Undergrad: 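Sharing a structure here in structure tokens format.
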Amino acid sequence: MSRTALVTGATAGFGNAIARRLVKDGWRVIATGRRLDRLEALAGELGTALLPFKLDVTDAGSVAALPASLPEAWREVDVLVNNAGLALGLSPASEAKLSDWDRMVATNISGLIHVTHALLPGMVARNRGHVVNLGSIAGNYPYPGGHVYGASKAFVEQFTLNLKADLVGTQVRVTNIEPGLCGGTEFSEVRFGDAARAASVYQGTDPLTSEDIAEAIAWVVTLPPHVNINRIEMMPTCQAPASLAVKRRTP
Ligand code: NDP
Ligand code: 8X3
């Protein structure tokens with residue numbers, strides 16, 4: 001029987017591309033997210049290898065019940081892709097909304113650790129599995145307005161490495177994918193709530209695509225079992241981490 005992956009946030013962007021790619025590569029995929037209609041449409045397109053499953057990662061009760069809520073034939077999850085996440089706003093920290101900070105923490109940190117907590121014990125018991133997290137370059141390099149979003153992704157990176165410390169010696173792998181500028185998703189529309197401003201982020205660039213992210217994930221999960229990719233930082237060629245700031249006095 002083919003192996004099973006569970007992808008959070010499969011209704012759009014990376015998650016959708018990852019689900020498509022894994023099904024194409026022969027995996028069975030549990031595609032999750034809040035917009036069930038989109039997941040059902042995806043299943044209509046991809047067939048029975050894709051199981052649509054409504055899941056809000058911030059709903060702690062539903063996440064805790066996840067392993068038992070899955071149909072029996074889908075309970076042994078081999079690969080968990082913790083992709084659901086969001087950025088809200090880009091204003092300076094002193095002007096940010098506390099509710100935005102809370103939502104980023106609830107989704108990018110609490111949601112991700114709850115889903116991991118629900119599925120990791122089964123992987124360890126079977127001595128087989130792989131947790132793939134979606135971090136970001138925002139977790140590696142600061143930028144103005146990045147405050148809680150970047151900090152949440154730094155959490156994801158360190159959580160990944162600390163999971164690795166506990167999993168060493170098992171056949172359970174863990175990887176952090178850390179993309180930079182990536183277009184064609186809903187990320188910037190969610191961040192700004194404004195389609196025109198979102199489009200301007202990518203103007204005049206050749207950003208990464210969701211398919212590039214899916215390609216990296218398809219690679220890490222099919223490497224021989226003795227190989228663990230800890231982190232992959234990816235940027236488009238039009239981007240570089242070169243943003244140190246010096247504020248000079250005006251003469
Ligand atoms: P999108 O906004 O296109 O997709 C986000 C996905 O997350 C959607 O499927 C959404 O589904 C899901 N999601 C959001 N909140 C929840 C929730 N509470 N419960 C379940 N699912 C949720 O973003 P991207 O595809 O661009 O981003 C995916 C991940 O990659 C995020 O973690 C993001 O931080 C990270 N990333 C993105 C980059 C980019 O430039 N695009 C670069 C680096 C990292 P639904 O609303 O249906 O629940
Ligand atoms: C998304 C990339 O640079 O907008 O994580 O933070 S960035």
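We count ligands from 1, going down the list as the structure has it; atoms in each ligand are counted the same way. Model, not experiment: these values are computed from the prediction.
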Undergrad: Judged on heavy-atom distance to atom 32 (O) of ligand 1, which of Val190, Leu181, Asn83 sits nearest?
TA: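 Result: the heavy atom closest to atom 32 (O) of ligand 1 is in Asn83.
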Undergrad: Does atom CD (Glu72) have a neighbourhood of more than 12 heavy atoms from anything else shown, all under 6.0 Å?
TA: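 No, CD of Glu72 has 12 or fewer neighbouring heavy atoms, counting only those of other groups under 6.0 Å.
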Undergrad: Checking Asp212 against Thr209: is there a side-chain donor and acceptor pair closer than 3.5 Å?
TA: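 Yes, side-chain donor-acceptor contact under 3.5 Å.
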Undergrad: List the closest protein heavy-atom neighbour of atom 44 (C) of ligand 1: residue, atom name, distance to the nearest 0.1 Å.
TA: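 That would be Gly135 O, 3.2 Å.
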Undergrad: What protein heavy atom sits nearest atom 18 (N) of ligand 1, and how far away is it?
TA: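 Answer for atom 18 (N) of ligand 1: Asp56 OD1, 2.9 Å.
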Undergrad: Any idea which atoms of ligand 2 are less than 4.0 Å away from a heavy-atom of Arg191?
TA: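 Answer, ordered by atom number: 4 (O).
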Undergrad: Just distances here: any N/O of Tyr149 and N/O of ligand 2 closer than 3.5 Å?
TA: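 Among all N and O atoms of Tyr149, at least one is under 3.5 Å from an N or O of ligand 2.
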Undergrad: Charged N to carboxylate O under 4.0 angstrom, Glu76 versus Arg128?
TA: yes
Undergrad: Who's closest to atom 5 (C) of ligand 1 heavy-atom-wise, of Gly183, Ala10, Gly85, Gly15?
TA: Gly85
Undergrad: Against heavy atoms of Ala138, which atoms of ligand 2 measure under 4.0 Å?
TA: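 Within the 4.0 Å cut-off of Ala138, ligand 2 contributes 6 (O).
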Undergrad: Identify the protein heavy atom lying closest to atom 4 (O) of ligand 1, giving its residue, its atom name and the separation to 0.1 Å.
TA: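 Checking every protein heavy atom, the shortest distance to atom 4 (O) of ligand 1 gives Ala12 CB, 4.0 Å.
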Undergrad: For atom 24 (P) of ligand 1, what's the nearest protein heavy atom and its distance?
TA: Thr185 OG1, 3.7 Å
Undergrad: Can you tell whether the side chains of Arg231 and Glu157 come within less than 4.0 Å, N to carboxylate O?
TA: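 Yes.
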Undergrad: Check the pair Phe187 / Phe192 against ring pair (Phe, Tyr, Trp, His ring centres under 6.0 Å), numbers first and verdict last.
TA: CA-CA 9 Å; Phe187 179 82; Phe192 300 120; 8.6 Å; no
Undergrad: Considering only the protein, which heavy-atom contact is closest to atom 8 (C) of ligand 1, and what is its distance?
TA: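 Nearest neighbour among protein heavy atoms for atom 8 (C) of ligand 1, to 0.1 Å: Thr11 OG1, 3.5 Å.
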Undergrad: Please determine which of Val131, Leu120, Val63 meets the side chain to side chain contact (heavy atoms under 4.5 Å, CB included) test together with Val115.
TA: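 Going through the options one by one, the only one that passes is Val63.
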Undergrad: Counting non-hydrogen protein atoms only, what is the nearest one to atom 3 (O) of ligand 1? Give residue, atom name and distance.
TA: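 Residue, atom and distance for the closest contact: Glu186 N, 2.8 Å.
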Undergrad: Identify whether the distance between the nearest side-chain nitrogen and carboxylate oxygen of Glu45 and Arg20 falls below 4.0 Å.
TA: yes
Undergrad: Tell me: protein heavy atom nearest atom 27 (O) of ligand 1, and distance?
TA: Phe14 CD1, 4.0 Å
Undergrad: Going by the order shown, which atoms of ligand 2 are within less than 4.0 Å of some heavy atom of Tyr143?
TA: 3 (O), 4 (O), 6 (O), 7 (S)
Undergrad: Starting from the C-alpha separation in whole Å, work towards a yes-or-no answer on side-chain contact (heavy atoms from CB on, under 4.5 Å) for Leu42 and Asn16.
TA: CA-CA 8 Å; Leu42 196 57; Asn16 181 278; 3.8 Å; yes
Undergrad: Is Gly33 in polar range of ligand 1, meaning some N or O pair under 3.5 Å apart?
TA: no
Undergrad: For ligand 1, which atoms, with element, lie under 4.0 Å from some heavy atom of Leu55?
TA: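 Ligand 1 atoms under the 4.0 Å threshold to Leu55: 19 (N), 20 (C).
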Undergrad: Of all the non-hydrogen atoms in the protein, which one sits nearest to atom 43 (C) of ligand 1, and at what distance?
TA: Pro179 O, 3.3 Å
Undergrad: Could Glu186 and Arg35 be called an ion pair, given the rule that one side-chain N must be under 4.0 Å from one carboxylate O?
TA: yes
Undergrad: Should Lys153 be counted as touching ligand 1, given the test is an N or O pair under 3.5 Å?
TA: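 Looking only at distances, the answer is yes, because the N/O contact criterion of under 3.5 Å is met.
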Undergrad: I'd like to check whether Tyr202 has a polar contact with ligand 1, where a contact means an N/O of the residue lying under 3.5 Å from an N/O of the ligand.
TA: no
